[in-house]
Trainee: 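Handing you a structure now.
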Amino acid sequence: MKQAFFFRGDSLLLPLDTDDFQADTGLPLELSKEFINPEILKIPALNSGEVINAVSISAETVLPDNWKSIPVRQLLAVSGTNLENIIRACHIVQWRKDSRFCGTCGAENKDADRQAQRICPNCGRTEFPRICPAVIVVITDNENRILLAHNKRFRSRVYSHISGFNEAGETLEETVAREVREEVNIEIKDIEYVKSQPWPFPNSLMLGFKARYLSGTVKPDGDEIEDAGWFTCENLPELPGEGSLSRMLINSWLSNSL
C-alpha cells in the first residue's frame, strides 16, 4: 500500500485518531479520496531513487470532521526516520503552487520527469524550488551572557536570536553584521558559521552563526524588534521550541559547546 504525506500549506493533515508524533510514517494514499480535488505529487527523495508521495490540499479546503491539521514545525523536535522527507515535501508542495506559471512568458509550467523541476513548454524556461538563505546568530559577551530579542512576529513572551534574509551582493557574514546593527544597534566581531537547517516556512534555509559583542548599546529598532537584552543562564526568558536551529544554538551555549 502506497504511503503519502498530506499537506495544507505548511501544515500536515492527519486523521483525528492519529498521534501527532507518529506522522512521519505517512498515511495510505487512498485517503486522498476524502478530499475534494486533491493534488497528488511524486517528489524525488534526496540521496536515493525513491519517491515521496504527497497530497496537497488547497488552503480554502474545509477539513472533514475526522481530520486535523498540525504545523510541520511542531514535528522538528521529533527525531523520526522520515522527517527529512516531510520537510522536503512540505517545501516542494508550496513551491509548486507558487510556480504554476512561467515567470518569463506566463505560460503554464510542466513538471520535469523524476526531478524537482518545472519547465515552460512555450519558452523553455527552467525553474527549480526557490530557496531563500536567512541567517540567525547567537551573540555572547565577555560576561558569558547571551543576547536575545522579542520579534513582533513571535508569539507572546518568546525571545530568540537576531535573524534576517541575505541580500543580493552580500556575503552571509555581512548579512549577520548588518541585521544585528539594524535591529539592535550594536557591532559584533568573530562571526563564525555553526550549523544550518532547512526551514520550509515557506522556502528558507536557515544558516546559524555565532559572534561576539564588540561595541554599542542594545537598542531595539521598534520595527521588527520590540525588546532585546542580555541574559544569563539563570534568567532566561521563554525560548523557541526544541528542534529549531534557534533553540539548538541556545542549547549549545548552555552546555558550553558552542
Trainee: Is a donor on one side and an acceptor on the other found under 3.5 Å between the side chain of Gln197 and the backbone of Gly243?
Mentor: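 Here the side-chain-to-backbone pair exists.
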Trainee: Can you list the residues that meet the side chain to side chain contact (heavy atoms under 4.5 Å, CB included) rule with Thr217, with sequence neighbours excluded?
Mentor: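 If we apply the side chain to side chain contact (heavy atoms under 4.5 Å, CB included) test to Thr217, skipping adjacent residues, there are no hits.
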Trainee: Sort and list the pairs that fulfil ring-ring contact (aromatic ring centres under 6.0 Å, His included) and have at least one residue in residues 90-133, not counting sequence neighbours.
Mentor: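 Applying ring-ring contact (aromatic ring centres under 6.0 Å, His included) to every pair that reaches into residues 90-133, excluding sequence neighbours, yields nothing.
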Trainee: Is there a chain of hydrophobic side chains (I, L, V, M, F, W, Y, each step under 4.5 Å between heavy atoms) that links Ile162 to Phe209?
Mentor: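 Looking at the clustering, Phe209 is in the same group as Ile162.
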Trainee: Quick one: ring-ring contact (aromatic ring centres under 6.0 Å, His included) pairs with a partner in residues 222-258, sequence neighbours left out?
Mentor: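 Qualifying pairs: Tyr159-Phe231, Tyr213-Trp230.
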Trainee: Report the residues that fulfil salt bridge (charged side-chain N to carboxylate O under 4.0 Å, His left out) with Arg145, sequence neighbours left out, ordered by chain and then residue number.
Mentor: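 So Arg145 forms a salt bridge (charged side-chain N to carboxylate O under 4.0 Å, His left out) with Asp141, Glu143.
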Trainee: Is it true that Arg212 and Asp190 make a salt bridge, defined as a side-chain N closer than 4.0 Å to a carboxylate O?
Mentor: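 So Arg212 does not pair with Asp190 through a salt bridge.
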Trainee: May I ask you to say whether Glu127 pairs ionically with Arg125, meaning some side-chain N is under 4.0 Å from a carboxylate O?
Mentor: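 Here Glu127 pairs with Arg125 in a salt bridge, since their nearest N and O are under 4.0 Å apart.
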Trainee: Please identify each residue that fulfils salt bridge (charged side-chain N to carboxylate O under 4.0 Å, His left out) with Glu242, with sequence neighbours left out.
Mentor: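 Partners of Glu242 by the salt bridge (charged side-chain N to carboxylate O under 4.0 Å, His left out) criterion, ordered by chain and then number, come out as Arg247.
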Trainee: Kindly indicate whether the side chain of Leu27, heavy atoms from C-beta on, has any atom under 4.5 Å from the side chain of Leu14.
Mentor: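 Heavy-atom side-chain distance check passes, below 4.5 Å.
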Trainee: So, using side chain to side chain contact (heavy atoms under 4.5 Å, CB included) as the criterion, who are the partners of Ala228 when residues are at least two apart?
Mentor: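 Applying side chain to side chain contact (heavy atoms under 4.5 Å, CB included) to Ala228 gives Ala149, Val184, Val218, Pro220, Ile225.
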Trainee: Please tell me whether Ile186 and Leu214 are part of a single hydrophobic cluster in this structure, the criterion being side-chain heavy atoms less than 4.5 Å apart.
Mentor: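 No: no chain of side-chain contacts under 4.5 Å links Ile186 to Leu214.
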Trainee: With a 4.5 Å heavy-atom cut-off, do Asn151 and Ser160 have their side chains touching?
Mentor: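 No - every pair of side-chain heavy atoms lies 4.5 Å or more apart.
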Trainee: Does anything in residues 31-57 pair up under ring-ring contact (aromatic ring centres under 6.0 Å, His included), and if so which pairs, sequence neighbours excluded?
Mentor: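 Passing the test, one end in residues 31-57: Phe35-Trp67.
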Trainee: Mind checking salt bridge (charged side-chain N to carboxylate O under 4.0 Å, His left out) for Arg178 and listing every partner two or more places apart, or none if nothing turns up?
Mentor: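 Per chain and number, Arg178 pairs via salt bridge (charged side-chain N to carboxylate O under 4.0 Å, His left out) with Glu170, Glu182.
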Trainee: For Phe165, which residues count as a ring-ring contact (aromatic ring centres under 6.0 Å, His included) partner, sequence neighbours excluded?
Mentor: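 ring-ring contact (aromatic ring centres under 6.0 Å, His included) list for Phe165, sorted by chain: empty.
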Trainee: Could you tabulate the donor-acceptor pairs under 3.5 Å formed by side-chain atoms of residues 1-12, not counting sequence neighbours?
Mentor:
residue	atom	partner	partner atom	Å
Gln3	NE2	Gly26	O	3.2
Arg8	NH1	Thr61	O	2.6

Trainee: For Leu254, check side chain to side chain contact (heavy atoms under 4.5 Å, CB included) against everything at least two apart and list the hits.
Mentor: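 Side chain to side chain contact (heavy atoms under 4.5 Å, CB included) list for Leu254, sorted by chain: Cys233, Leu236, Ile250, Asn251.
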Trainee: Decide whether Ile191 and Ile136 are clustered together by the hydrophobic rule: side chain heavy atoms of Ile, Leu, Val, Met, Phe, Trp, Tyr closer than 4.5 Å, transitively.
Mentor: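 Different clusters.
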Trainee: State whether the side chain of Gln74 and the backbone N or O of Ile70 hold a donor-acceptor pair below 3.5 Å, judged by distance alone.
Mentor: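 No; judged by distance alone, with no hydrogens or angles, the pair does not exist.
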Trainee: A side-chain contact here means heavy atoms from C-beta on lying under 4.5 Å apart; do Ile57 and Leu13 qualify?
Mentor: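 Yes - at least one pair of side-chain heavy atoms lies under 4.5 Å apart.
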Trainee: Looking only at heavy atoms, what is the nearest atom pair of Ala54 and Val93, with distance?
Mentor: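 Smallest interatomic distance, heavy atoms only, reads CB-CG2, 3.9 Å.
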Trainee: How about Glu50: does its CD atom have over 12 heavy atoms from other parts shown lying under 6.0 Å from it?
Mentor: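 No, the 6.0 Å shell around CD holds no more than 12 heavy atoms from other groups.
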Trainee: Using salt bridge (charged side-chain N to carboxylate O under 4.0 Å, His left out) as the criterion, list what pairs up with Glu179, not counting sequence neighbours.
Mentor: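 Per chain and number, Glu179 pairs via salt bridge (charged side-chain N to carboxylate O under 4.0 Å, His left out) with no residue.
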